[in-house]
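Numbered from 1 within each chain, the chains take letters A, B, ... in sequence-line order.
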Amino acid sequence: MSELPKTFEPGPIEARWYEHWEKNGLFRPARDEAEPFTIVIPPPNVTGSLHIGHALDNTLQDILVRHARLLGKDALWVVGMDHAGIATQMVVERQLEERQDRRTNYTREEFIAKVWEWKAESGGRITRQLRRLGASCDWANERFTMDEGFSRAVVKVFVDLHDQGLLYRDKRLVNWDPGLRTAISDLEVETREAAGKFWHLRYPLADGSGFIHVATTRPETMLADMAVAVHPRDERYRALIGSQVRLPITGRLVPIIADEHADPELGSGAVKITPGHDFNDFEVGKRAGIAPADMLNMLDAAAKVVQTADGLVPADLLGLDRFEARARIVSMLEAEGLLERVEDRMIATPFGDRSGAVIEPWLTDQWYVDAATLAKPAIEAVRSGDIRVVPETWKKTWFNWLVNIQPWCVSRQLWWGHQIPAWYDEAGNCYVAESEEAARAKAGPGIALTRDPDVLDTWFSSALWPFATLGWPEHTEALSRHYPNDVLISGFDIIFFWDARMAMQGLHFMGEKPWKTLYLHGLVRDAQGRKMSKSRGNTVDPLGLIDKYGADALRFTLAAMESQGRDIKLDEKRVEGYRNFATKLWNAARFCQANGIGASAAIAPPAATLPVNRWIVGETARTVRALDLALAELRFDESANAIYHFVWDRFCDWYLELIKPILNAPSGEGAEIAETRAVAGWVLDQILVMLHPFMPFVTEELWHAMGERPYPLIVAKWPTSDARALDPKAGHEIDWLIRLVSGIRAARSELNVPVGERLALHLQGAGEATRERLARHRAAIGRLARVDAAEGAPPAGGAAQVVVDEATFVLPLEGVIDIAAEKARLARAREAAEKERDALAKRLANPDFIARARPEAVEKARADHAEKSALSERYGAALARLG
RNA sequence: GGGCGCUUAGCUCAGUUGGUAGAGCAGCACGUUUACACCGUGCGGGUCGGCGGUUCGAGUCCGUCAGCGCCCACCA
């Protein structure tokens with residue numbers, strides 16, 4: 001037991017204890033016999049640094065893991081990082097560019113080596129930051145989505161899915177990012193409204209008989225037009241169906257076809273069809289019998305104009321950027337009198353979420369996962385309740401996306417990532433296998449093979465995180481113990497990217513859901529409710545808050561503000577408030593130290609005879625129960641509030657104040673002092689344990705400061721909410737005491753009685769029990785309310801009066817206070833009681849209420865009515881006494 | 001075009017199965033009591049977005065309107 005410094009400084013405490021825990025393996029004590037509890041961290045990007053969203057996500061995880069550990073479970077928090085293909089490659093490329101260098105100056109192997117180098121040097125930043133936050137992860141088994149074991153898992157999943165027909169190569173339109181020059185998935189496309197134009201064009205009919213009008217937002221794609229479509233029931237064009245159009249500029253002859261895609265209400269009702277550059281047109285083209293291989297393409301990977309297969313694009317357009325080409329083509333059409341008019345218009349435009357480039361639908365060969373098939377068990381698992389989703393409202397989103405899911409494009413034209421395990425021979429035959437040797441065996445002897453240069457979508461590998469981190473495809477002990485995981489905590493922003501895909505892959509490869517519960521939290525926003533972003537400059541740096549207020553304060557803030565289903569608007573004032581809370585606890589511990597209160601020897605509550613001690617033991621048990629319930633329901637806000645109010649309102653404001661007279665009593669009361677010290681020490685211990693998941697650092701510090709301990713707090717025992725600890729009689733007594741003291745204080749304050757003035761306290765209409773209570777708590781009442789119990793009837797004259805239950809407490813104040821003020825005060829109190837009484841009377845007078853309301857409700861209304869009636873009468877009597 | 005969420009005290013938010021509203025911060029007043037001014041005590045403050053319905057009774061359930069936010073979707 002060491003004396004606590006007067007001021008609480010979080011910094012040094014945090015550094016000391018984190019190191020102690022980690023060094024001593026306390027994040028993962030050996031508990032082979034214990035019930036497992038498992039959480040996996042959403043692996044942060046190697047490029048990442050801890051932002052406030054991580055702080056929230058990881059705080060919630062740490063609370064659950066520390067709680068489970070305190071419950072004696074074999075708690076495992078799997079930690080690691082994600083290689084984050086596109087993001088990481090972009091970072092390293094940008095570094096090269098800063099040195100006037102570029103990726104393509106290197107071989108693939110050289111470049112990848114540079115990325116690994118960079119990862120080694122700066123990739124661990126976020127894990128250091130996680131330590132600052134207090135995250136009790138299993139660092140001894142840190143994983144990476146491209147480490148050797150994980151890579152094996154990725155390859156196996158690819159090959160197995162392929163062999164099962166659930167993964168295939170296909171030529172179709174894909175979302176192409178011309179900035180990054182790679183395909184991306186539907187989810188990586190952000191559609192935003194952007195200012196654009198609607199060009200109305202005249203396409204000459206081939207027979208020279210006139211024009212057909214088409215409207216388009218993308219005139220440049222006319223270089224690859226293959227048809228003009230009209231609605232089959234559109235009378236204006238019926239006669240033209242089957243005839244031909246001679247396209248301007250290229251002179252290509254294309255048919256006018258009938259297709260329901262053409263909307264007669266929109267534009268002219270006729271629409272140009274460019275199957276190679278538009279998702280709708282692709283489908284129209286297929287319906288018109290054009291095979292994907294025959295669809296014309298006019299753009300290269302950087303979205304510059306290239307020659308189409310029929311060679312009709314004029315040479316001076318070749319090599320132009322798509323937007324330059326647009327301008328050029330519009331002016332060419334205008335010159336030929338084929339531009340009818342131009343409308344300004346907002347266009348729903350697709351952008352790449354990483355590059356910000358306008359996405360180009362582009363015809364390429366890519367690898368696709370049959371997501372619809374994998375989605376079915378994931379839908380069923382949530383529908384059946386096998387996976388519990390919290391908050392439930394997300395179930396609809398889950399179903400909506402998974403039911404309508406499209407094939408998942410998993411190949412990326414990047415260098416950094418898991419290279420696709422597929423090999424091609426010179427004839428273009430494809431061999432998917434776990435290794436080149438295996439592929440060669442499939443291909444047969446003497447066949448030269450080239451490996452597919454593409455890599456996999458990062459999410460393809462992170463989808464395997466819940467089981468590949470546990471050793472899969474090996475059948476490890478860890479895997480059988482810790483899969484399925486207990487809870488996944490994730491921001492709702494990655495529900496499709498990650499959560500749904502984990503469910504799909506986990507159910508498919510493990511035959512079992514990845515986690516029992518999926519908990520989705522909101523986003524952390526700034527104090528004005530705006531989304532935080534670097535460009536907006538409103539990001540909150542969690543490390544800065546930790547430096548300023550301590551990790552405990554930040555953690556507690558995030559937990560207390562995490563109410564299900566809502567975004568968090570973070571206000572620094574809240575963090576400051578919870579730093580104050582930690583300080584409050586610190587000072588309470590100092591008080592205990594100064595009064596001979598120390599670590600409790602036992603887990604069970606000490607025997608107590610004094611009501612105040614019996615009461616606080618009961619209150620402790622109630623808090624444990626409230627906390628258990630809240631944590632079981634994943635109500636982080638409720639659990640934080642339960643412990644907060646117990647510590648501050650019950651323990652500090654009342655209990656410690658109430659025991660001061662006992663502790664300070666003159667000698668001769670040894671037994672009471674001993675009992676009180678024991679109880680106070682025990683309660684403080686329970687507080688430290690209960691608060692530890694939320695505020696691990698300050699609690700661990702105080703745990704040791706209060707005395708010698710057989711084990712650190714991080715592996716202490718969670719308290720039990722033993723109902724036997726509750727003593728209703730003591731509870732009522734202390735409740736009465738609190739109401740009495742509060743009542744007297746309020747009266748004094750409202751009547752401006754000088755604080756230094758000690759008043760006499762007389763009784764009016766008090767029963768025997770009240771007199772006994774008053775005698776028992778004379779010292780505490782005297783101290784807290786600054787009154788001295790007096791014998792006999794109150795003297796006549798001015799007095800303040802406080803009604804508690806049946807008794808009226810009279811504080812003679814002749815000459816001290818303004819009698820009129822006290823009368824007004826009592827009249828207000830009586831009026832309030834009467835108002836409630838009358839409302840209850842009205843309800844009770846309603847025969848329908850008596851007949852239809854639940855009997856308990858009627859009973860309660862009667863009891864309340866009686867109480868309010870009595871109360872108003874007592875205030876009436878008090879008023880009468882003042883004349 | 002679908003789907004979801006939000007609207008409760010000046011601010012940020014709770015409010016479990018319907019029984020006439022709570023917290024933190026901010027505000028105001030006062031500071032006796034050797035744990036704590038990062039504190040203590042007390043006080044003020046809400047027609048629970050509008051309208052309608054169900055019910056003995058609605059912040060809580062249903063409908064509708066208004067405003068705000070998010071997600072999904074191939075209107076050229």
Side-chain angles (χ1 to χ4, degrees), chain A residues 4 6-8 173 186 191 198 214-218 221 229 261-263 265-268 270-274 278-284 347-348 350 361 391 393-394 396-397 400-401 404 492-493 495-496 522-523 527 529 531 549 553 560-561 563 565-571 573-574 576-595 629 633 635 637-638 641 644-645 652-653 656-657 660 741-742 745-750 752-758 783-786 836 839-840 843 846-854 856-858 860-861 864:
Chain A
L4 286 163
K6 189 167 158 64
T7 47
F8 163 53
L173 280 187
D186 299 349
T191 306
F198 207 31
V214 297
T216 179
T217 55
R218 300 204 52 195
T221 61
H261 165 65
D263 180 354
E265 304 295 312
L266 195 63
S268 64
V271 57
K272 66 193 255 333
I273 299 298
T274 321
D278 182 281
F279 286 101
N280 287 313
D281 294 4
F282 181 81
E283 296 303 322
V284 174
I347 310 285
T393 166
W394 287 105
K396 268 193 185 159
T397 307
N400 194 42
W401 189 68
N404 298 305
F492 66 73
D493 51 331
I495 185 172
F496 305 140
L523 267 41
K531 201 169 171 176
Y549 301 106
M561 296 186 81
S563 56
R566 242 191 208 264
D567 285 349
I568 292 178
K569 279 184 205 148
L570 189 64
D571 184 348
K573 296 294 282 181
R574 268 311 262 280
E576 185 185 335
Y578 290 120
R579 186 273 319 267
N580 296 350
F581 174 59
T583 305
K584 183 78 180 175
L585 179 69
W586 182 267
N587 284 310
R590 286 180 57 228
F591 170 82
C592 288
Q593 277 194 340
N595 285 278
L629 280 173
E633 290 169 18
R635 287 302 307 245
D637 55 343
E638 278 183 11
N641 284 332
Y644 177 93
H645 285 111
C652 291
D653 287 351
L656 293 184
E657 294 304 324
K660 279 178 182 174
V741 169
S742 301
R745 282 170 167 174
R748 292 181 61 120
S749 175
E750 284 175 55
N752 292 315
V753 178
V755 280
E757 191 101 22
R758 284 195 81 87
R783 181 189 173 90
L784 299 181
R786 300 195 65 72
E836 292 190 63
L840 289 159
R843 198 190 302 174
N846 180 350
D848 286 333
F849 175 68
I850 305 296
R852 301 192 192 191
R854 292 201 321 273
E856 309 91 83
V858 177
K860 183 168 187 306
D864 288 351

Subject >> Selected nucleotide, minimal atom distance to Lys569(A) side chain, candidates A14(B), G19(B), U12(B) >> reply: U12(B)
Subject >> Whether Arg218(A) side chain and Asp278(A) backbone form a donor-acceptor pair below 3.5 Å >> reply: no
**OP:** Could you tell me which residues satisfy side-chain contact (heavy atoms from CB on, under 4.5 Å) with Glu283(A), sequence neighbours excluded, listed by chain and number?
**Re:** Lys286(A), Arg287(A)
Original post:
How would you list, by chain and number, every residue that makes a side-chain contact (heavy atoms from CB on, under 4.5 Å) with Asn404(A), sequence neighbours excluded?
Top reply: Asn400(A)
Subject >> Under 3.5 Å: donor-acceptor pair, side chain of Asp567(A), backbone of Leu523(A) >> reply: yes
Can you check nucleotides 3-7 of chain B for protein contacts, nitrogen or oxygen pairs under 3.5 Å, and list what you find?
{"from": "C4(B)", "atom 1": "OP1", "to": "Lys396(A)", "atom 2": "NZ", "distance (Å)": "2.8"}
{"from": "C4(B)", "atom 1": "O3'", "to": "Thr393(A)", "atom 2": "OG1", "distance (Å)": "3.4"}
{"from": "C6(B)", "atom 1": "O3'", "to": "Arg566(A)", "atom 2": "NH2", "distance (Å)": "2.9"}
{"from": "U7(B)", "atom 1": "OP1", "to": "Arg566(A)", "atom 2": "NH2", "distance (Å)": "3.0"}

Original post:
Is the side chain of Arg745(A) donor-acceptor paired with the backbone N or O of Leu784(A) at a distance under 3.5 Å, no angle test?
Top reply: yes
Subject >> side-chain hydrogen bond (donor to acceptor under 3.5 Å, both in side chains) against Asp653(A), all qualifying residues, sequence neighbours excluded >> reply: none
**OP:** Treating a pair as Watson-Crick (purine N1 to pyrimidine N3 plus N6-O4 or O6-N4) or G-U wobble (N1-O2 and O6-N3) with both distances under 3.5 Å, list the stems of 3 or more consecutive pairs that involve RNA chain B.
**Re:** B:1-7 with B:66-72, B:10-13 with B:22-25, B:27-31 with B:39-43, B:49-53 with B:61-65
**OP:** Tell me whether the guanidinium CZ or amine NZ of Arg843(A) lies under 6.0 angstrom from the six-membered ring centre of Phe849(A) and within 45° of its axis.
**Re:** yes
Dump the pairs, protein N or O against N or O of nucleotides 20-28 of chain B, anything under 3.5 Å, distances to one decimal.
none

**OP:** Name all residues meeting the ring-ring contact (aromatic ring centres under 6.0 Å, His included) criterion together with Phe198(A); count only those two or more places apart in sequence or in a different chain, and write none if there are none.
**Re:** His200(A)
Original post:
By side-chain contact (heavy atoms from CB on, under 4.5 Å), which residues pair with Glu750(A), not counting sequence neighbours?
Top reply: Ala746(A), Arg825(A), Arg828(A)
Please enumerate all protein N or O atoms sitting under 3.5 Å from an N or O of nucleotides 30-35 of chain B, with distances to 0.1 Å.
{"from": "U32(B)", "atom 1": "O2", "to": "Arg786(A)", "atom 2": "NE", "distance (Å)": "2.9"}
{"from": "U32(B)", "atom 1": "O2", "to": "Arg786(A)", "atom 2": "NH1", "distance (Å)": "2.9"}
{"from": "U33(B)", "atom 1": "O2'", "to": "Arg783(A)", "atom 2": "NH2", "distance (Å)": "2.8"}
{"from": "A35(B)", "atom 1": "OP1", "to": "Lys660(A)", "atom 2": "NZ", "distance (Å)": "3.1"}
{"from": "A35(B)", "atom 1": "O2'", "to": "Asn587(A)", "atom 2": "OD1", "distance (Å)": "3.4"}
{"from": "A35(B)", "atom 1": "O2'", "to": "Arg590(A)", "atom 2": "NH1", "distance (Å)": "3.1"}
{"from": "A35(B)", "atom 1": "N7", "to": "Lys660(A)", "atom 2": "NZ", "distance (Å)": "3.3"}
{"from": "A35(B)", "atom 1": "N6", "to": "Cys652(A)", "atom 2": "O", "distance (Å)": "3.2"}
{"from": "A35(B)", "atom 1": "N6", "to": "Glu657(A)", "atom 2": "OE2", "distance (Å)": "3.2"}
{"from": "A35(B)", "atom 1": "N3", "to": "Asn587(A)", "atom 2": "O", "distance (Å)": "3.2"}
{"from": "A35(B)", "atom 1": "N3", "to": "Ala588(A)", "atom 2": "N", "distance (Å)": "3.2"}

**OP:** Applying ring-ring contact (aromatic ring centres under 6.0 Å, His included), name anything that partners Phe496(A), two or more places apart in sequence or on another chain.
**Re:** Trp401(A)
Subject >> Test side-chain contact (heavy atoms from CB on, under 4.5 Å) applied to Arg566(A) - qualifying residues, sequence neighbours left out >> reply: Ser563(A)
Subject >> Those residues that, when tested against Tyr578(A), pass ring-ring contact (aromatic ring centres under 6.0 Å, His included) (two or more places apart) >> reply: Phe556(A), Tyr644(A)
